[in-house]
Amino acid sequence: MSDQAEPAQVAAKAIYLADYRPPGYTTTQTDLHFDICDGQTTVASTLHIERLDTAADCIELLGEELTLVSVAVDGRELATNEYDVTNRSLTIFNLADQHQLQIVTQICPEQNTALEGLYRSSSMYCTQCEAEGFRKITYYQDRPDVLAKFTTTIVADAARYPNLLSNGNLIDEVLLSDGRRQVTWQDPFPKPSYLFALVAGDLAVLEDTFTTMSGREVTLQIFSEAHNIDQCDYAMDVLKRSMRWDEQAFGREYDLDIFMIVAVEDFNMGAMENKGLNVFNTSCVLASPNTATDEAYQRVEAVVAHEYFHNWSGNRVTCRDWFQLSLKEGFTVFRDAEFSSDMNSRAVKRIEDVGFLRSIQFAEDAGPLAHPVRPSSYMEISNFYTTTIYEKGAEVVRMYHTLLGADAFRKGTDLYFDRHDGTAATTDDFAAAMADAGQIDLAQFKRWYQQPGTPRVAVEESFSEGVLSLKITQSPADLPNQEHQQPFHMPLAMGLIDHQGGSISLDTANISSNSDVELRDNAQTLLLGAKDAVSEVRVSGLTAKPVVSFLRGFSAPVRVSHQRDDAELAFLVQYDIDGFVRWDAMQTLWTQHFDANVEATVDPVATLGELAKSAVHCATPEQQLLAATMLSVPNENYLFEQLRGFEVDALLDARDAALASAATAHADRWAELVERYDSDQAYQPDAQGMAQRALGNVAFSYLSKTLQGSVLEELLQARYAQADNLTDRRTVLAIACRSDGISGEFRHSLLQDFYDAWQDYALVIDLWFNLQAQSPLIDIAGLQTLVAHADFDVKNPNRVRSVYAAFGMLNNRKFHALDGSGYQFLADAIMQLDALNPQIASRLTTPLTRMGRYDSARQRLMRSQLNTLSESPSLSRDLYEIVIKSLA
Ligand code: TRP
Ligand code: ZN
């Protein structure tokens with residue numbers, strides 16, 4: 001009927017939070033019947049609807065790209081004048097209090113390249129319904145505040161699709177006479193349509209069990225294509241650890257008798273928390289020593305936990321509308337970050353998260369697509385799965401935790417789950433539970449949900465006669481039209497270090513402030529609940545001017561400017577008790593070093609030497625990992641976001657020069673570290689192994705910069721040959737891809753060798769594409785050769801990201817080439833992809849939307865590509881929103 005796409009300019013109309021209305025009818029029970037045949041799937045639904053608003057007499061069901069076969073109400077088929085169907089909806093009129101609607105539609109999953117709704121991936125069928133994909137399966141009240149109990153019947157060829165899965169428990173299974181099989185699943189928990197899932201395939205399964213805290217036994221299954229099943233053990237281990245952790249840390253128990261994960265090759269995002277049937281991108285579930293780097297193992301750990309935790313924060317309590325997305329995502333990111341912190345190093349996890357926030361989320365918050373954690377309008381909800389909703393949203397949840405303290409926070413989450421179980425809630429509901437449990441007023445705190453941009457905090461210190469005074473001034477983000485922003489309620493954690501490097505114990509009797517003050521960490525940390533534009537703190541009774549350790553743990557997502565001696569920063573690098581502050585002080589030394597407007601007095605290369613010296617003696621994995629993190633020069637995107645008014649090539653040159661000088665200045669040290677952390681034990685993805693590899697590989701990367709020619713080639717060859725895992729092998733390959741100290745033949749032969757060995761492992765080949773696409777040595781012709789490779793597939797999002805996102809996000813040299821060729825290369829790809837997969841096209845556009853921070857020549861070139869995109873007559877709604885907002 002309505003498979004003609006309408007032009008984005010017509011369809012793209014903004015949706016406002018202020019327009020939210022509860023539905024006039026709700027659906028209480030949804031019975032679905034899927035008949036899967038080659039080239040055509042027929043979906044029959046029976047919807048039990050109930051009137052909620054006495055004034056309502058019609059129901060609007062949403063549907064896109066569907067072929068409508070029939071509509072019946074209470075068994076009577078409707079004539080075409082009894083309903084209205086458009087390319088976005090089906091409206092049925094003249095309804096009473098309760099009805100059963102029967103709707104039959106047809107869809108073609110084989111043609112679905114957008115990977116939203118029901119689609120094919122390799123030999124299987126699978127679904128992705130969040131946020132608005134269910135409407136591509138059948139006409140439905142596809143909105144998160146309509147919660148129904150689902151039963152799902154699937155009929156498909158028994159030989160080709162032996163696994164027929166859906167949400168809940170399997171209640172019926174019959175082999176039909178025609179060689180087809182029919183199964184029925186029943187999910188006892190009411191859920192919105194975005195949590196629906198179906199999988200049909202011929203899959204291998206890894207099975208285990210988990211006994212919950214109340215003693216119920218749950219069957220755990222991870223499904224994948226047969227050739228991947230031996231890479232699922234780590235995910236299973238993580239799943240069991242997540243289930244136990246959620247019981248212990250949040251008191252949350254799993255609620256069905258079965259929990260399934262399916263690994264899918266073609267997936268737009270990381271994974272999806274469908275009730276009882278999580279669907280995962282293979283990249284977030286598969287892991288083995290030779291096919292996953294340590295970073296990939298960590299990602300599997302975080303994502304398996306994240307999706308599992310959604311069972312409570314997202315599924316049992318869901319979102320009223322999509323403006324509340326951060327209610328589930330911010331909270332669940334916070335929960336998975338706490339899990340990872342408990343499993344690994346808390347300080348290093350915090351440092352990684354802040355590094356990501358500063359380089360990616362701060363950039364979003366400062367650009368044309370800035371939006372609050374709870375947006376007030378959107379055009380296409382798929383565009384709002386952003387780092388602001390996820391990562392800044394998690395920072396907001398972390399601030400409740402900091403302000404309330406761990407015990408009151410836990411009371412708050414218990415109260416929230418208890419109050420809203422089985423319903424659709426809002427971020428205000430979450431805040432209310434926290435306020436009630438913590439007995440605090442959070443009215444002002446809620447500005448974190450409403451005001452976009454990253455606030456600035458300026459710190460001024462003065463010291464006289466034993467009294468330290470701090471003046472802390474908040475100012476709004478430098479976004480257009482943000483003058484009306486009100487001060488935030490922000491937790492600011494700080495401490496004082498004396499001149500011997502000792503942590504000073506504080507006493508409330510000596511502290512005065514216009515803000516709330518609390519002492520934490522055995523009186524080593526002072527927590528300020530700052531609410532005013534200017535906060536002042538005075539600490540008396542000091543014998544000498546201490547060194548201020550500010551924003552411990554990164555207690556609020558702000559930009560800090562703190563005028564102080566560089567020597568104090570170098571001092572904090574060595575002595576602070578907070579791992580984050582130590583790292584942060586080192587980052588500040590680096591950013592000042594690269595800032596043309598700052599006259600730095602401490603050379604970070606010298607400070608790095610001190611760190612390298614002590615890294616030799618690190619005793620615990622925790623210390624080793626922290627050392628590895630602190631020994632790394634800030635990445636390019638981090639510097640781009642921290643500095644203002646830089647020129648791309650000049651900054652990249654300066655960074656390369658710093659790497660070279662750090663390499664040569666401490667060459668012996670790097671060699672010593674490589675040797676010290678060269679493990680002869682078999683690969684283990686545990687804290688000890690990961691820490692040793694991290695430190696060894698950082699040192700090896702520096703060491704490689706001190707050598708060239710055949711000496712370097714031999715060193716790389718030897719380490720490559722000796723590697724028994726992808727982490728070490730990747731380090732060598734990454735060096736080879738970037739180094740101009742080796743011959744082209746050597747680089748090529750290493751890449752060829754790697755390809756030949758791992759060509760059957762898609763995720764490893766993604767890395768092979770990625771390392772080449774991000775190399776500053778590649779040119780446009782080289783990129784074109786990559787995308788012409790037989791293994792390149794524009795329909796596979798992981799492969800697309802491995803070339804185009806790696807190029808746009810990580811190859812700053814070539815992406816920002818002054819002839820505009822990099823921007824052009826990406827824009828052409830975006831246009832091509834938009835016709836196939838709008839979500840992927842829209843996400844790939846991100847690097848072109850950061851123009852504000854580059855020089856005017858580059859800004860013009862980026863704009864011109866966005867302009868060309870905007871003129872296309874066939875833009876998707878997704879891409880249209882990004883492009884017009886960026887050009888505004
Ligand atoms: N809810 C998912 C998560 O964060 C996100 C997600 C998975 C998603 N697939 C998607 C969002 C497709 C938009 C479109 O865990
Ligand atoms: Zn999520």
Side-chain angles (χ1 to χ4, degrees), residues 64 112-119 121 126-137 142 144 167 191-199 235 238-239 242 246 261-285 299-319 322 324-340 373 375 378-394 397 797-798 801 837-844 876-879 881-882:
E64 285 175 22
N112 182 347
T113 57
L115 313 186
E116 196 190 21
L118 180 65
Y119 65 92
S121 175
C126 63
T127 54
Q128 172 54 38
C129 294
E130 187 178 6
E132 299 183 335
F134 194 77
R135 66 189 65 180
K136 292 182 162 188
I137 294 174
D142 188 17
N167 319 86
K191 66 169 176 291
S193 51
Y194 83 86
L195 291 173
F196 169 80
L198 174 158
V199 171
V238 174
L239 176 60
S242 316
D246 211 16
I261 287 177
V262 181
V264 173
E265 287 248 343
D266 305 277
F267 201 75
N268 282 348
M269 304 275 279
M272 180 62 212
E273 70 263 25
N274 317 298
K275 184 76 186 189
L277 178 55
N278 288 359
V279 175
F280 271 64
N281 187 325
T282 45
S283 71
C284 293
V285 59
R299 173 125 174 101
V300 169
E301 182 173 79
V303 179
V304 169
H306 179 98
E307 305 309 330
Y308 173 72
F309 297 156
H310 268 315
N311 190 54
W312 276 94
S313 48
N315 302 3
R316 288 289 287 260
V317 181
T318 193
C319 301
W322 292 119
Q324 319 297 327
L325 182 57
S326 197
L327 174 70
K328 73 176 177 82
E329 295 304 346
F331 187 22
T332 305
V333 171
F334 171 79
R335 278 152 55 68
D336 81 57
E338 284 300 293
F339 171 72
S340 294
V373 171
Y378 61 77
M379 287 183 186
E380 169 52 61
I381 188 56
S382 301
N383 286 331
F384 280 76
Y385 288 74
T386 62
T387 65
T388 299
I389 301 297
Y390 277 68
E391 278 75 27
K392 187 176 180 179
V397 175
N798 289 353
R801 281 185 280 256
N837 188 330
Q839 286 183 12
I840 297 296
S842 162
R843 278 178 182 275
L844 277 185
S876 68
R877 228 184 321 155
D878 308 58
L879 187 54
E881 177 176 27
I882 300 296

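One-based numbering, in listed order, for ligands and for the atoms of each.
- Distances from the Zn ion (ligand 2) show that Glu273 has no N/O/S atom below 2.8 Å.
- Looking at ligand 1, you'll find an N or O of Glu130 within less than 3.5 Å of one of its N or O atoms.
- Residue contacts with ligand 1 include Ala271, since one of its heavy atoms falls under 4.0 Å from the ligand.
- Inter-residue side-chain proximity for Val279 and Asn274 is flagged as met; some heavy-atom pair is nearer than 4.5 Å.
- Between Glu307 and ligand 1, at least one N/O pair is under 3.5 Å apart.
- Comparing heavy-atom distances from atom 2 (C) of ligand 1 across Gln839, Met269, Glu273, Glu132 singles out Glu273 as nearest.
- Judged by the shortest distance from any of its heavy atoms, Glu116 lies outside the 4.0 Å radius around the atoms of ligand 1.
- No side-chain N or O of Glu265 forms a donor-acceptor pair with one of Ser121 less than 3.5 Å apart.
- Proximity of Thr282 to Val264: side-chain heavy atoms (C-beta onward) are nowhere separated by under 4.5 Å.
- Within Glu329, the N, O or S atom at minimum distance from the Zn ion (ligand 2) carries the name OE1.
- Between the side chains of Thr318 and Tyr194, at least one donor-acceptor pair of N or O atoms lies under 3.5 Å.
- In terms of N/O distances under 3.5 Å, ligand 1 is approached by Glu329.
- Against a heavy-atom cut-off of under 4.0 Å, Tyr390 is close to the following atoms of ligand 1: 2 (C), 3 (C), 4 (O), 5 (C).
- Here the angle centred on the Zn ion (ligand 2), running from NE2 of His310 over to NE2 of His306, is 90°, rounded to 10°.
- Of all the atoms in ligand 1, the ones that sit under 4.0 Å from a non-hydrogen atom of Met272 are 1 (N), 2 (C), 7 (C).
- Less than 4.0 angstrom separates some heavy atom of Lys328 from each of these atoms of ligand 1: 1 (N).
- Between atom 11 (C) of ligand 1 and the options Phe384, Tyr385, Phe309, the minimum heavy-atom separation is to Tyr385.
- Of all heavy-atom pairs spanning Val373 and Gly393, the tightest one is CG1-CA, 3.9 Å.
- Counting the atoms of ligand 1 from 1 in the order shown, those under 4.0 Å from a heavy atom of Gln128 are 7 (C), 9 (N), 10 (C), 12 (C).
- With no hydrogens or angles considered, a side-chain donor-acceptor pair links Glu329 and His306 at under 3.5 Å.
- Residues Trp322 and Tyr378 have side chains in contact (heavy-atom distance under 4.5 Å, counting atoms from C-beta outward).
- When side chains are defined from C-beta on, Arg877 does not count as touching Pro838, because their heavy atoms never get closer than 4.5 Å.
- When all heavy atoms of Arg801 and Asn268 are compared, the closest pair comes out as NH1-O, 2.7 Å.
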